[in-house]
S.K.: 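Please find one structure pasted underneath; my questions will follow.
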Amino acid sequence: MKIVVLAGGLSTERDVSLATGNMVSSALRRKGHQALLLDVFLGYGRAGDTLEGIFDKCTESSLQVSGVPETAPDLEKIKSMREDQSDCFFGPNVIELCRMADIVFLALHGENGENGKLQAAFDLFGIRYTGSNYLSSAIAMNKKLSKHFFNAHNIPTPNGISMKKSERTADFAATGLSLPCIVKPCCGGSSIGISIANTPQEYQTALNNAFQLEDEVLIENYIKGREFSVAVISFHALPVIEIAPIKGFYDYKNKYQAGSTIETCPAALPPDISTKIQEYAVKVAKALELDTYARMDFMLDEENRIFCLETNTLPGMTPTSLLPQEANAVGMSFEDLCEQLIKISLKKYDQGGFSL
């Protein structure tokens with residue numbers, strides 16, 4: 001098949017997305033597909049360039065990328081690299097190339113990749129893509145909205161509130177929560193902008209950090225315990241994986257720098273707890289109608305109580321990512337996993353599953 005692997009963009013998770021795209025496109029080529037790695041913002045060449053035969057030389061035409069740096073990218077620098085200096089989200093020839101493909105593998109992460117906007121645009125252009133539809137993507141990306149769905153479907157989640165920048169209060173007691181607490185951007189990813197606050201002063205600093213990224217933040221009670229994740233493909237849960245950072249919490253550096261975190265799959269858990277976490281993961285997928293694939297993150301506190309933290313509709317596929325490790329635990333190679341995600345996405349189109 002002719003496949004565009006779409007990555008990059010202008011989110012704080014740009015570098016992670018490029019690493020995912022690089023891994024996926026290479027895997028799909030090993031499977032015999034013509035996979036072209038494309039940066040959604042920088043595009044390919046100039047508008048109006050001849051694109052004939054580009055999939056036949058996909059390796060040479062693909063974007064060349066390296067590993068994930070320890071810090072988030074300088075997005076202003078990325079913007080300056082755009083030759084036409086346009087602020088349009090889609091770079092030169094992106095839509096044209098995506099329409100030429102049999103399907104687009106979405107390797108995007110963060111804003112405008114996972115929040116449903118791109119999915120809605122592709123629906124209008126008649127472009128087929130992997131992953132969930134625009135509405136499910138939008139709800140899952142917004143931690144405040146997804147938390148409402150968790151509560152409505154009796155899925156345990158940490159007690160918390162949302163706060164807009166215009167309604168910011170310096171009085172932590174007014175939140176009704178307890179310290180320590182977690183402060184995070186409402187629609188961010190890869191733990192960028194997340195802080196643990198142990199004092200009212202640290203809470204103020206945490207708000208400052210999060211509000212630099214977004215105008216709305218989520219504040220939650222801190223759950224002390226072990227962290228886990230579960231991927232769900234077509235409403236079937238993969239094995240639970242435990243995430244144990246060697247130092248600190250599971251932040252941007254610990255997620256993407258090899259050797260920073262100990263990941264155990266299947267997780268060393270009593271069978272009943274492992275099964276319950278998997279059941280909650282499937283319940284989240286059904287509540288949000290994430291019928292292709294997604295990954296859910298959980299905490300298990302010191303009293304063995306389970307809490308769902310959030311949902312990732314386009315999980316990372318980097319060398320250190322969790323979904324490929326979970327698939328490998330059931331004997332599925334990385335190449336087979338990438339191809340399987342394409343197959344189930346195409347099946348939905350054949351069945352009319354993307355129409356709303």
Side-chain angles (χ1 to χ4, degrees), residues 1-7 20-21 23-38 40 51 54-56 58 90 94-109 112-141 230-238 281-296 311-315 317 323-324 326-327 330-356:
M1 287 189 291
K2 295 178 180 178
I3 303 168
V4 165
V5 179
L6 202 58
T20 285
M23 290 281 291
V24 170
S25 58
S26 297
L28 291 173
R29 288 185 209 123
R30 290 194 293 272
K31 277 289 191 178
H33 300 291
Q34 296 176 308
L36 176 69
L37 177 57
L38 184 64
V40 67
L51 304 176
I54 190 171
F55 285 96
D56 296 327
C58 56
F90 297 107
V94 168
I95 296 300
E96 290 81 358
L97 287 167
C98 289
R99 295 191 72 177
M100 290 167 61
D102 296 304
I103 193 168
V104 175
F105 193 110
L106 294 182
L108 293 160
H109 302 314
N112 294 332
E114 294 185 75
N115 63 9
K117 293 181 180 179
L118 178 138
Q119 289 83 351
F122 276 10
D123 287 343
L124 294 175
F125 282 118
I127 295 170
R128 300 191 291 184
Y129 55 87
T130 57
S132 301
N133 64 60
Y134 74 90
L135 184 57
S136 297
S137 299
I139 294 170
M141 185 69 180
V230 184
V232 175
I233 300 178
S234 295
F235 299 133
H236 295 285
L238 292 179
V282 172
K283 196 172 183 179
V284 170
K286 290 182 177 179
L288 301 182
E289 297 189 13
L290 304 172
D291 54 1
T292 305
Y293 73 108
R295 200 196 75 231
M296 292 67 175
T311 302
N312 302 272
T313 56
L314 294 177
M317 302 278 275
L323 172 55
E326 294 180 57
V330 293
M332 184 182 295
S333 69
F334 186 81
E335 291 82 0
D336 287 343
L337 171 62
C338 294
E339 198 166 53
Q340 177 68 7
L341 298 180
I342 288 174
K343 287 180 179 178
I344 61 177
S345 296
L346 285 172
K347 185 177 180 180
K348 286 186 21 171
Y349 283 103
D350 293 339
Q351 296 174 344
F354 273 75
S355 60
L356 293 176

S.K.: Nearest heavy-atom pair of Leu37 and Ser25: which atoms, and what distance?
M.R.: CB-OG, 3.9 Å
S.K.: Suppose we screen for salt bridge (Lys or Arg N to Asp or Glu O under 4.0 Å). Which residues come up paired with Asp102, at least two apart in sequence or across chains?
M.R.: none
S.K.: What pair of heavy atoms forms the shortest contact from Asn112 to Leu118, and how long is it?
M.R.: O-CB, 3.5 Å
S.K.: Less than 4.5 Å apart, side chain to side chain, heavy atoms only: is that true for Pro324 and Met317?
M.R.: yes
S.K.: For the pair Val94 and Leu6, evaluate side chain to side chain contact (heavy atoms under 4.5 Å, CB included) and give the outcome as yes or no after the intermediate values.
M.R.: CA-CA 9 Å; Val94 168; Leu6 202 58; 4.2 Å; yes
S.K.: Can you measure from CD (Gln340) to OG (Ser345) and round to the nearest 0.5 angstrom?
M.R.: 9.5 Å
S.K.: Show the nearest heavy-atom pair for residues Arg29 and Ala35, with the distance to one decimal.
M.R.: NE-O, 2.9 Å
S.K.: State, with a plain yes or no, whether a side-chain heavy atom of Leu238 is found less than 4.5 Å away from one of Met332.
M.R.: no
S.K.: Does any part of the side chain of Leu323, heavy atoms only, come nearer than 4.5 Å to the side chain of Leu337, both counted from C-beta?
M.R.: yes
S.K.: So which heavy atom on Tyr129 is nearest to which on Leu106, and how close?
M.R.: CD1-CD1, 3.8 Å
S.K.: Flag yes if more than 12 heavy atoms outside Lys31 fall under 6.0 Å of its NZ atom; otherwise flag no.
M.R.: yes
S.K.: Just verifying a value: how many Å separate Leu346 CG and Thr130 OG1, rounded to the nearest 0.5 Å?
M.R.: 9.5 Å
S.K.: Between Phe122 and Val104, which heavy-atom pair has the shortest distance, and what is it?
M.R.: CE2-CG1, 4.1 Å
S.K.: Which distance, rounded to the nearest 0.5 Å, do you find between the CG of Leu51 and the CE of Met100?
M.R.: 5.5 Å
S.K.: To the nearest 0.5 angstrom, please state how far the CE atom of Met23 sits from the OG1 atom of Thr20.
M.R.: 8.5 Å
S.K.: Does Arg30 have any salt bridge (Lys or Arg N to Asp or Glu O under 4.0 Å) partners at least two apart in sequence or in another chain, and if so, which?
M.R.: Glu335
S.K.: Within a strict 4.5 Å, meaning less than it, do heavy atoms of the Asp56 and Gln34 side chains meet?
M.R.: yes
S.K.: Can a donor-acceptor pair be found, under 3.5 Å and without considering hydrogens, that links the side chain of Ser136 to the backbone of Leu288?
M.R.: yes
S.K.: Could you give the distance from CE (Met296) to NZ (Lys283), rounded to the nearest 0.5 Å?
M.R.: 13.0 Å
S.K.: Mind running side chain to side chain contact (heavy atoms under 4.5 Å, CB included) on Leu36 and Leu97 for me, showing each step along the way?
M.R.: CA-CA 9 Å; Leu36 176 69; Leu97 287 167; 4.1 Å; yes
S.K.: Please round to the nearest 0.5 Å and tell me the distance separating atom CG of Leu290 and atom CG of Asn133.
M.R.: 8.5 Å
S.K.: Could you tell me whether the side chain of Leu341 reaches within less than 4.5 Å of the side chain of Ile344, counting heavy atoms only?
M.R.: yes
S.K.: For Val4 and Phe105: C-alpha separation, side-chain torsions, deciding distance, then whether side chain to side chain contact (heavy atoms under 4.5 Å, CB included) applies.
M.R.: CA-CA 6 Å; Val4 165; Phe105 193 110; over 6 Å; no
S.K.: Short question: side chain of Gln119, backbone of Gly113 - any donor-acceptor pair under 3.5 Å?
M.R.: yes
S.K.: Give me the one residue out of Lys286, Lys347, Lys348 that meets salt bridge (charged side-chain N to carboxylate O under 4.0 Å, His left out) with Asp291.
M.R.: Lys348
S.K.: Are any of the side-chain heavy atoms of Ile342 and Leu28 separated by less than 4.5 Å?
M.R.: yes
S.K.: Less than 4.5 Å apart, any side-chain heavy atom of Tyr293 and any of Leu314?
M.R.: yes
S.K.: May I ask you to decide if Pro315's main-chain N or O and Asn312's side chain share a donor-acceptor pair within less than 3.5 Å?
M.R.: no
S.K.: Which pair of heavy atoms, one from Gly131 and one from Thr292, lies closest together, and at what distance?
M.R.: O-OG1, 3.3 Å
